[in-house]
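A short worksheet on the structure shown next.
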Amino acid sequence: MTLLIRSPIVMQKAQEELRNVIGKKSKIIEDDLPKFAYLKAVIKETLRLYPPAPLLKTLVYVNAWAIGRDPKSWDNPGEFLPERFMASCDIDFKGNDFELIPFGVGQRICPGMPIGVVMVELLLANLLYLFDWGLPNDMRKEDIDFDAIPGITMHKRNELFLLASVHF
Ligand code: HEM
């Protein structure tokens, strides 16, 4: 949500996809999720830039955060561009593509990946489908902060406050 509110075009595309595909319903359910290619690209792009567990454990620490931003693997590595995962690119986070390893890779890869991915897709799909999102008061996109608390998993230092208005 932090990245989306700073990239209104991406937010709009994601919401249009959800609302065009689903039409008017009370909520999005798990069976709907395979239909949302752009939503999946948004989540992949977020996991590339902000892997929730940036340092993968093994005999050496693998810096998944730095790998996701390596200019040798990614064009415009610092930009939030989910389009990079549409059509022309079949890089996925399932452990076969070493450029994108938010769940780790190999024998110690996250065993919770399938359920984790479905939970994130379902939550984000419903947030974007049911509500339109804006910044409170006089806050500007440039004021949004991306600070994380240092640690084994990434947590935002400051909570993200947004205004939600019901879409339908
Ligand atoms: C989006 C959500 C999630 C992300 C990004 C994530 C990411 C990770 C990462 C990076 C690792 C370490 C891999 C390594 O050391 O190379 C890991 C390990 C692990 N994860 Fe997840 N995870 C998520 C959700 C879950 C869920 C929902 C569960 C359980 C239901 C889970 C269970 C585990 C377990 C048990 C390990 C340790 C595996 C081992 O050391 O052999 N994870 N996860």
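Note: hydrogens, waters and symmetry copies are ignored here, and every other heavy atom, side chains too, is used. Just so you know, ligand 1 is whichever comes first in the structure, and atom 1 is the first atom listed for that ligand.
Only the side chain of Pro52 comes within 4.0 Å of ligand 1, judged by heavy-atom distances.
Salt bridge absent: Lys13 and Glu16 never bring a charged side-chain N and a carboxylate O closer than 4.0 Å. At a threshold of 4.0 Å, the pair Lys156-Asp145 does not count as salt-bridged, since none of the basic side-chain nitrogens sits closer than that to a carboxylate oxygen.
The residue from Leu123, Val117, Leu124 that alone fulfils the side-chain contact (heavy atoms from CB on, under 4.5 Å) condition with Glu121 is Val117.
Every atom of ligand 1 with a heavy atom of Ala53 under 4.0 Å away is listed here by number and element: 10 (C). Taking every heavy atom of Pro102 and a limit of under 4.0 angstrom, the matching atoms of ligand 1 come to 5 (C), 7 (C), 10 (C).
The hydrophobic cluster containing Ile9 does not contain Phe36, counting ILVMFWY residues as joined when their side-chain heavy atoms lie under 4.5 angstrom apart, directly or transitively.
Distances from atom 9 (C) of ligand 1 to the heavy atoms of Phe103, Phe93, Tyr50 put Phe103 nearest. In this comparison of Val105, Ile101, Ile115, the heavy atom closest to atom 30 (C) of ligand 1 sits on Ile115. The option from Ala64, Pro111, Pro114 that lies nearest to atom 19 (C) of ligand 1, judged by heavy atoms, is Pro111.
Under the 6.0 Å distance and 45° angle rule, Arg69 counts as a cation-pi partner of Tyr50.
Between Ile91 atom CD1 and Arg48 atom CZ the span is 10.0 Å, to the nearest 0.5 Å.
Of the N or O atoms in Gln107, none lie within a sub-3.5 Å distance of an N or O in ligand 1.
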